[in-house]
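A quick write-up on the structure given underneath.
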2 protein chains.
Amino acid sequence: MPSEQDQIEASIIAAVLAGRFRPGTRLGESVLAGLYGVSRTLVREALMRLQTRGIVQVSARRGWFIVEPSAGEAHAAYEARKVIETGLMLSIGQIPPETLKHLREHVEAEHSAIQGPDVTSRVCLLGDFHVHLAEAFGNPVLTEILQNLTARTTLISMLYQSSDAAEESSDDHGIILDALEAGDLPLAAKLMAEHLDRVEAGLDLTARTDPLADLRDILVPGTSDAKPSSAKTVPDEPGPDHRKPINQIK
Amino acid sequence: MPSEQDQIEASIIAAVLAGRFRPGTRLGESVLAGLYGVSRTLVREALMRLQTRGIVQVSARRGWFIVEPSAGEAHAAYEARKVIETGLMLSIGQIPPETLKHLREHVEAEHSAIQGPDVTSRVCLLGDFHVHLAEAFGNPVLTEILQNLTARTTLISMLYQSSDAAEESSDDHGIILDALEAGDLPLAAKLMAEHLDRVEAGLDLTARTDPLADLRDILVPGTSDAKPSSAKTVPDEPGPDHRKPINQIK
DNA sequence: TCCCGCAGTCTTGTATACGAGACAGGTAGG
DNA sequence: CCTACCTGTCTCGTATACAAGACTGCGGGA
């Protein structure tokens, strides 16, 4: 059942969630086809599915790119999460002890990851908490929606995150769990809303890697805070340059 | 910008929303390609996008079909809508008078349509109300999500709707608008939840065209007992794999 | 030296070709 | 008469071929 397409799709998503793809990275159909050892058709279909999930976008006859959400889109994504997850908290009812235990363990894992140096797994775990919460509700439709939204916000935090308040986030998760355990749903909802607000507030929506930032700053001083180290241009396809006989890594 | 694919996708969605496709209808790639005068490739890509939106599904080497949500999936879809739209009502804040006026006009249009004999436009309008409400919130992400969910529930009501309580629905919409106008968000949320419950309750989740129903009833009496109206059975995936007769539309 | 134009190359966009699995209908055997 | 098999046809799944737009780099002219 896991068709090759699904594998490609999952592989790209995993790479995105793991932070191995920066927003704006170009994903050439031919390159990916070569990497996966399949034809462009499969790659293309996987990319189109990712497009409807808001992970990648295509620019006509230029290529596929990991999405670079604008500040507005970033806000919209967090707002959507706030609406949905707040509603979820209010409707979730009693969570089975078993599930609650798993969530606890997840938060534990977050704490451990925060101690470690691995930023990637940390970000991954912090996002996963929300997905697992959705799973606890037992509604596959909602779970899928929140999965997509979480992937999107992961990209956003990769673009804009200034202060990495991972510890704070994890603490929030614990407190939300407390409220759920106590059965105080309105409190959980309130905490969730505040948590998401806090995460969004932790972003620096002016920090975007924007090649035009300097220019804009010169022309209209004050619109973009000059971030010294952000003068990086669009990251160009890393890795060994191809143009060789296509290396099948099957 | 409006690529041919988008047109195909939109065309199919429109047909679904208009009720011109029954759930379970087969959509052959070749047939559609012939109808639209394009190659199978474009049709296929449009169908895959519809697949991620939950409108169609593919059965390997058999064909594409308009989804036939199971009773469990139907419940999940309504529950998801309840969670999201409830959260939406609580967060929507003050609606601009202009927008409110448009929504009023929409409800008026619903009322008019209910008098008329056109079931199609009626169903369409009733669903559109919720989409417009999402638009009023001004969040494109949420709007898109609710668009998809609404399309899905439209399919569901086509499968299961027993009592066509259109008038009641439209009245509900009006009352919800009242609450919003008064700025009583918790009330609006409560009304919305009740409204969606009512709509779901109006479905007969045992009424599905299931060729195996009788057989199953004979073999395992009591499984598909037809309780007159209060049948709030939440069957856990009875068995999604019914070999249904294929509606050829050649 | 700088600017404009032009061609080459690379990309996606679309169509077509071919293969494998699934279903249907007929046929032979019991 | 019924059952089991077998073959033909139709479908999607995947690969490949061709077309057309977009960016790049070079060269000529002011």
Side-chain angles (χ1 to χ4, degrees), chain A residues 1-12 24-52 55-67 211-212 233-237 239-250, chain B residues 1-12 24-52 55-67 211-212 240-250:
Chain A
M1 188 71 84
S3 83
E4 208 127 18
Q5 262 173 67
D6 297 323
Q7 271 181 275
I8 297 175
E9 189 181 353
S11 161
I12 295 178
T25 305
R26 200 178 97 84
L27 302 175
E29 291 182 3
S30 314
V31 176
L32 290 179
L35 281 176
Y36 289 106
V38 296
S39 83
R40 267 180 55 213
T41 308
L42 293 186
V43 172
R44 184 181 176 76
E45 286 173 354
L47 285 171
M48 300 201 92
R49 279 150 71 156
L50 288 172
Q51 184 183 32
T52 71
I55 309 288
V56 304
Q57 59 192 7
V58 62
S59 176
R61 285 186 180 88
R62 285 178 17 83
W64 294 81
F65 301 87
I66 304 288
V67 291
L212 295 180
T233 45
V234 180
D236 220 339
E237 191 63 24
D241 205 0
H242 13 285
R243 249 10 69 180
K244 288 291 182 182
I246 304 192
N247 44 346
Q248 306 259 14
I249 53 168
K250 252 188 147 170
Chain B
M1 181 63 164
S3 83
E4 206 127 19
Q5 264 173 65
D6 297 324
Q7 272 182 274
I8 297 176
E9 191 181 351
S11 160
I12 294 179
T25 305
R26 200 176 96 82
L27 302 175
E29 291 182 3
S30 315
V31 177
L32 290 179
L35 280 177
Y36 289 106
V38 296
S39 82
R40 266 180 56 212
T41 307
L42 293 186
V43 171
R44 185 180 177 75
E45 287 173 354
L47 285 171
M48 300 200 92
R49 280 150 70 155
L50 289 172
Q51 184 183 31
T52 71
I55 309 288
V56 304
Q57 60 191 8
V58 62
S59 177
R61 281 180 185 95
R62 284 178 17 84
W64 294 82
F65 300 86
I66 305 287
V67 292
L212 295 180
D241 229 23
H242 315 292
R243 285 282 173 274
K244 292 210 54 183
I246 299 174
N247 308 8
Q248 290 276 9
I249 47 170
K250 278 195 207 181

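Below, read A as the first sequence line, B as the second, and so on, with proteins coming before strands; counting in each chain starts at 1. Values below: every heavy atom of this structure, side chains too, minus hydrogens, waters and symmetry copies.
As rounded to whole Å, 5 Å separates atom P of dC23(D) from atom CZ of R62(A). Atom CG of L32(B) and atom C1' of dT11(D) are 13 Å apart (whole Å). Across the protein-nucleic acid pair, E29(A) atom CD and dT12(C) atom C1' stand 6 Å apart, rounded to whole Å. Spacing between atom CZ of R61(A) and atom P of dA19(D) amounts to 13 Å, rounded to whole angstrom units. Atom CD in Q57(B) sits roughly 13 Å away from atom P in dG13(D) (whole-Å rounding).
Side-chain atoms of V43(B) and L27(B), non-hydrogen and from C-beta on, never get closer than 4.5 Å to each other. Put simply, the side chain of Q51(B) reaches to within 4.5 Å of the side chain of W64(B), judged on heavy atoms. Between M48(B) and V58(B), every side-chain heavy-atom pair lies at or beyond the 4.5 Å cut-off. Residues L50(B) and I12(B) are in side-chain contact: their nearest non-hydrogen atoms beyond the backbone lie under 4.5 Å apart.
With sequence neighbours excluded, no residue satisfies side chain to side chain donor-acceptor pair (under 3.5 Å) with R61(A). By the salt bridge (charged side-chain N to carboxylate O under 4.0 Å, His left out) test, R44(A) pairs with E29(A), E45(B), sequence neighbours left out.
If you find the closest nucleotide of DNA chain C to A60(B) and to S39(B), the one lying nearer the 5' end belongs to S39(B).
Look at R26(A) and you'll find a side-chain N or O under 4.0 angstrom from OP1 or OP2 of dT11(C). Close to dT16(D), at under 4.0 Å from its OP1 or OP2, lies no side-chain N or O of R40(A).
Here the side chain of T41(A) is nearest to one of dA15(D), dA15(C), dC12(D), namely dA15(D). Listed candidates were dA20(D), dG19(C), dT14(D). Nearest to the side chain of L42(A) is dT14(D). The side chain of Q5(B) lies closest to dT14(C) when the candidates are dG21(D), dA20(C), dT14(C).
Across S30(B) and R40(B), no two heavy atoms sit closer than the pair OG-CD, 3.9 Å.
Using a 4.0 Å cut-off on heavy atoms, none of the residues of residues 44-51 of chain A approach DNA chain D.
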